[in-house]
Each structure stands twice: as structure tokens, then as C-alpha cells.
Amino acid sequence: MERNLEIITAKLNPAQKKAVETLDGPLLCLAGAGSGKTGVLTRRVANLIATGRAAPEEILAVTFTNKAAREMESRIFKLLADIGIPVREPLWISTFHSFCTRVLRNHIELLDYKKFFTIYDDSDQLSQIKKVMAALQINEKTSPAKSYRNRINSAKMLGLGPTEVEKSTHLFLDAKSIEVYRMYEQEMKKANALDFGDLLMKVHELFRMYPAVLEEYQNQFKYVMVDEYQDTNHIQYLLVKMLAQKNRNLCVVGDEDQSIYSWRGADIRNILDFEKDFPEAQTIKLEENYRSTQNIVKAATAVIKHNTQRKDKTLFTSNPPGDLIQVREERSEYDEARFIAKKILGMVNEGEGALSDFAIFYRTNAQSRVLEEQLRTNSIPHQLVGGVRFYERMEIKDVLCYMKLSVNPADDMAFKRIVNVPTRGIGKTTLDRLEELSIEKKLSLLETTQWAVLNREFNAGTTSKLRVFLDLITDMQAHVHDYNMVEFYQLLLDKTGYLQKLKVENSVESEARIENLEELSNALMQFTKERQDATMQDFLEEMALVSDVDAMNDEQNGVTLMTLHVSKGLEYPYVFVVGMEENLFPSNRGDDDDEESELEEERRLAYVGMTRARQKLFLTYARSRKVWGQEQYNPPSRFLKEIPNELVNFTTSFETPKFVSKYSNSSSTPSKPIRKYDEDESQSFPDYEGQSSSEYQKGMKVRHPTFGAGTIFQVEGVGDQTKVSVLFSDQTIKKFVAKYARLERF
């Protein structure tokens, strides 16, 4: 036994070893960035099994991506094999959504759903909401469907159904939103479908309605572990508390400094208040970083220490000091992208890493376009993570919907997508009438179509077309269980004529779609190879839960581009964080009561981005950037100012940097602090020729109805074409067409 423990805890530092050996009772493990938390979690599971505290099936470990779950399971199998304890059955290591799906597969009939339910993705959910809005005669132009979706999802994150929302003091929804929510739930039930929020909410409902089912899982899972606990939302928090309530052997691992998902319901209080929920809890801090150089760790630590919503811990590392943080100033976003492309090519050509060692992070998805253009121009291979994912491409969604309808005839969203794909002459008027009848008769669209054909609701031509479609779906449903998945897929493509239609089209686009359909065939083949008893239902379920990070190609030799939010949990030798400007990063915040907490989350996002880098970190910004077609001038991000001077090497493409200020114009260690704009800042900008002799003059004080008081520092053009650039008191510069700007002189 002691020998096993030695192998399991080999090469761990004292804090890590203590976390692995502390098995009973509640445990809060505060794991700083790069502190080896995955290793601690996997070794802790292995220790539970090796000591006989729990059998493999008696341990539940929850993390936030399928990729992380697979990595943990692989490591645990290897650890146990090393000490002669082979485990052959799959472990309960999964995401919250996958775990809940597994529970619902066994018990959803208790909630009056059929066993073979469909999981709706975001676009399916939006289509369902639009259908409800049409039935309620709500104008989508004045009330966007996405707004209703956001409100419904917010309610589900809190575990509130339509009736609970009406009584809630935590969330206010207006009467119309509650009406949409209520009818949406009815339509989802009719379609035998669940959205992502439902997967968690229905398990919570199941546990509350059937205490015996909850007790069954409490008895099964003697030990519960949750990774990335700072990212849990309220419904996840409730589920974890329920599951751990009986045995109280709950270990949560996380870092409040990396809590960056409040916009999707994550509640930082879950980790900050863990000791209040479990007063007997032990707390262990993992503060040694094994990933990054000393300078990167010191810089990131200096930034995050400006936050107040955090525990008392300090990241440190025994790694070498490494290079200084490279801060680069460029003229525009195009120059910024050119600098990055040139820098990557230069480093690779000098033998400093492969292209796959480089990652570029940005605050918003829109920033990727200019970066992609420059990478393409320089023939630099790259992959965009978080763009249009494979399973969201048109042809893939089409054939997946055929599969869904074959398994779940009540899936109205699948029906709507494929009823006229490939084109079979069933138009919008027919579909609108079918939807009206569906709501009126409380039937699924497929059942409604069957009724309409039998009762000759439409003319002979339309009825004939609908009958052909019904025969096709009936045929598919009859064969879905007779073939393996790959064979059924080929049958589907053949009977629907989908592949033949693309071949006849014979275009570059149709060729690309055919290649994607071939790739789906490969995915099905791989799925059946890895899971001998896999069903079509299992495949559709797993595809619905694939995340951006899960879809990454780790073997591609190219630069990786992604938002800072997606970067969490990843690491690269060389990292560029771009667009380090006020109002972009940190993003433009409102003047509401949450302003300070939003700023702290933006700072946590900066901390996450910085700590992804192992060897070199580049932070770049531009003097000007186009926003909605207009030049916008923003000062450098405050996060740059929070990095100590001695850790930074500042360079600029300008001979005499005027815009920035913390850094001198040499490439040596900077000594000047970034100075803020003052009233004379306009003198730093060149006096352009051709300046208008209009009523607006450089240096004039003006007030804008939205942005407040400011100073004009530049005037361009004449007459109706006059444009003025105004420096406002929050240090931002905005350019207006003077004629429409409603500027007031004072």
C-alpha cells in the first residue's frame, strides 16, 4: 500500500501531495494557473481506488470540457496500471451536461418525456423560440428572438421554470417573456427535446421530485470532485450540493482568479463561499506554477493583485526568469496583425519553435478577421477555434437532422430543416400552415403532416409531395436499428438524394460540402470503433455536446487563433494577446452598479491570457482601430500599466511615441509611467493640412449627449463632410461627422 502511494504521489510538491492524500470530508483546493491541478485530480482519484476507499464507479469527477475529461481518464488508467490495478470499465468523468444526459437517459420517463429525446443546440433553440413568437404574434423586429433566448437561459441557470420566475425575487422577467417561456416549454415537451439548460434543470427537477432517485446517486457516488469550480453557475452548484449532501466527501478545485464566465451564469461566490457551505472544509493552496517563466508569472500576478474579489494567495515559480514581457505599439489593427505575422515567421525561420507553438488571443471574435487575412497573406497555416464548427456546417446539420428525425419523430426543428432539403417543392406557405395546425392540434409537425395528408388539407400536388417526404422518413425510421451507423448513413445519403444533388451541382462549394460529408462518415466510423455498442442516439448526443476546445486539432502544424475566453485551460510556448486598449480590453463597460465587478472579471481574463504562455508573452495594441467603419482612438489598456516597468520590454513602430507613455522609445527596459491624457494632449497629435475653417476648431471644448464633455483635437474636411475627433474625459477619442454629431460648444 505504501509503495502504491509513493508511485501515485511521486514528484509532487508538499501542497499537491497533501491534496492527493486528503480523501475524506469537504476539501477546497485553490489551484493557481499552471499549478498542476489536473495531475492532483487524477492522482487523487487513483489514490481513492488504490486505497480501497471507493470502487471506480463510486467516484464522480466533473469538469468543463470533454477534452479535459478524456485526458483525466487516460491519466488515471495509466496511473492505476502502473501499480497493477487495471480498470476496464469507463469512469464517471465527464462534463456537467454529459453527466446529466446520462442520468436523464435512465430516468427521463419519470418526467413524462420519451426515452429517445433530442438535444437542441443554440440555433435549434432560437428556431423554436421564433416559432413560439409567431404563434403569439410577437414582432421579431421590435422584440428579437435572441433576447427571449437569453432571458430563458438565465432563468434555467437559476433553476427557475416559468411559474417559479413569476414568484422569483432573483430574476425579473416581464409578462410577455414569461408567456414566451411558458409556451416554449410546452413546444419543447411536444418535440420531446431538451436544450442545454434543460439537461441540468431537468436533473435538478428529477432529484427534487423523486428523492429515491437522488438517494440512488448519492449512495453510488461516495466521492464527488468538481474541476474549475469557479466556473459553476447556480444550477450546477445546486446539483453538486445535492449529490454530495449525504457523504460530504466533496473536493472542489478551482481558482477564483480565473473566473471569467459570469456572462453565461458562472457565480464566483460558489468558490469564495465554499467554506460557508461546508464549515468543516479543509483548504489547500497550490501556488507553485510549473508552466511559465518567472517574468510571466510575476507580470500576471502583479495585474491580478489589483482585484478585490479573490482569496489570499500568490503564484510563484522555480522556472528560469525568461524573457521580458514584449509590449508592442502599432499604428492600426492592420499594422498590429502584420507585426504578429512577421514576428511568427521570423521566430520559426530562426528555429524558435514550430507554428503550432504559437497562439493569438483576442477579446472579441470580430478581431480575428484582420489577423486571418495577414496570416493568409504570409502563407502561415492557422486554425480558428470558435469559428463555424464542423458540426454547425449546413450540410452536416442537414444530415444530422435526418438522423434525429429517424430516432425522434417528434423533433420539430429537425423536421423544419429537412422537409424541403434537398428541394422537393414544399414551400414556406405549406410549412406555415403545418405549424398552425401543429399548434392547434397539439401534434408534432410529422404527426400533423400525416393528418394533413389523410384529410387532404392541401391540394393534390402539395399532398403528393408531403406523402413522398413521409414515406422517406417512415423508411428511415424502419431501418435506423437494422444497420450499423456507417451503413445507415450511406443509406440516408442515397435515399434522400442529398449527395447526388451536390454531385450534380459540381461547384467548388459543393465539392467542399461533399468532403465534409465524407469527413462525417469518418467520424461515424471512428465513433463505432471506439464504442462497440454505440447507437445513433449516443452519437447524436455526443455531437450535441462538443465544445470549441473539444473540436480543436492538436496535431495541426499551424498558428492557433481564439478568444481569450476559449483559451482557458490551454497553454502554448508563445502567446500574443492583441488589442490591449481601453474600451476593447477591458471592454466598454456601462455606468451601472456592476461596473467594478465587470472590470475585475476583465482583469481575470487578462490574467488567464497571460498565464497561457510558457516561454514568451507578447501584448500588443494599436493607436487607432476601425469600429463600425469609423476610426476610434483609445489609450493603452490599464492592464499594461499594472505590469511593473522592470518586467517589460516596450517597442513601437513610431519614431517618437506620443500616444503611449509608460514606455520610452528605446527597446530597453522602460522607465516612464504611462501618462494619462490631459487637456493639452491634443498638442501631441499632428496638425493635419486641409483643416476645416468650420465652426469647430482644434482645442475647442464640446459636450456630446452620450459621451459627455471633451476637447476637439482634430478637424478634417469641409462643409457637410467635416469630421471632428474628440478626446473625452475617460481618455477615449471618437470621430464624428460634425453635421450629425449634436456637439454642443461650451
*Asks:* How long is the straight-line distance from CH2 of Trp92 back to CE of Met225, given to the nearest 0.5 Å?
*Replies:* 15.0 Å
*Asks:* Measure from the side-chain N and O atoms of Gln309 to the backbone N and O of Glu256, and report whether any donor-acceptor pair falls under 3.5 Å.
*Replies:* no
*Asks:* What's the spacing between Met525 CE and Leu520 CG if we round to 0.5 Å?
*Replies:* 10.5 Å
*Asks:* Can you see whether Thr283 engages Glu275 through a side-chain donor-acceptor pair at a distance of less than 3.5 angstrom?
*Replies:* yes
*Asks:* Does this structure show an ion pair linking Glu601 with Arg604, if we count only N-O contacts that are shorter than 4.0 Å?
*Replies:* yes
*Asks:* List the residues meeting salt bridge (charged side-chain N to carboxylate O under 4.0 Å, His left out) with Asp227, not counting sequence neighbours, and say none if there are none.
*Replies:* Lys37
*Asks:* Under the salt bridge (charged side-chain N to carboxylate O under 4.0 Å, His left out) test, which residues partner Lys276, sequence neighbours left out?
*Replies:* Asp273
*Asks:* Identify whether the distance between the nearest side-chain nitrogen and carboxylate oxygen of Glu71 and Arg75 falls below 4.0 Å.
*Replies:* yes
*Asks:* Hey, mind stepping through Asn66 and Arg70 against side chain to side chain contact (heavy atoms under 4.5 Å, CB included) and telling me if it holds?
*Replies:* CA-CA 6 Å; Asn66 292 307; Arg70 286 193 298 268; 3.6 Å; yes
*Asks:* With no hydrogens and no angle check, just 3.5 Å: does a side-chain donor-acceptor pair link Asp124 and Ser127?
*Replies:* no
*Asks:* Under 3.5 Å, which donor-acceptor pairs do the side chains of residues 156-167 form with other protein atoms, sequence neighbours left out?
*Replies:*
from, atom 1, to, atom 2, distance (Å)
Lys156, NZ, Glu185, OE2, 2.9
Lys156, NZ, Asp195, OD1, 3.4
Lys156, NZ, Asp195, OD2, 2.8
Lys156, NZ, Asp198, OD1, 2.7
Lys156, NZ, Asp198, OD2, 3.2
Glu164, OE1, Gly161, N, 2.9
Glu166, OE1, Arg182, NH2, 3.2

*Asks:* As an exercise, state the distance from CE of Met476 to CD1 of Ile418, rounded to the nearest 0.5 Å.
*Replies:* 9.0 Å
*Asks:* Could you measure the distance from the CG atom of Leu405 to the CZ atom of Phe415? Nearest 0.5 Å is fine.
*Replies:* 7.5 Å
*Asks:* To the nearest 0.5 Å, how far apart are OG1 in Thr51 and CD1 in Ile8?
*Replies:* 7.5 Å
*Asks:* What I want to find out is whether Asp412 reaches Lys416 closely enough, with some N-O distance under 4.0 Å, to be called a salt bridge.
*Replies:* no
*Asks:* Regarding Lys441 and Glu447, does a basic nitrogen lie under 4.0 Å from an acidic carboxylate oxygen?
*Replies:* no
*Asks:* Please tell me whether Gln220 and Gln218 have a donor and an acceptor in their side chains that are separated by less than 3.5 angstrom.
*Replies:* no
*Asks:* Distance alone, cut at 3.5 Å: any donor-acceptor contact between the side chains of Asn270 and Gln236?
*Replies:* no
*Asks:* Would you call Asp174-Lys176 a salt bridge at under 4.0 Å N-O?
*Replies:* no
*Asks:* Give the ring-plane orientation class for Tyr261 versus His565, where under 30° counts as parallel, over 60° as perpendicular and anything between as tilted.
*Replies:* tilted
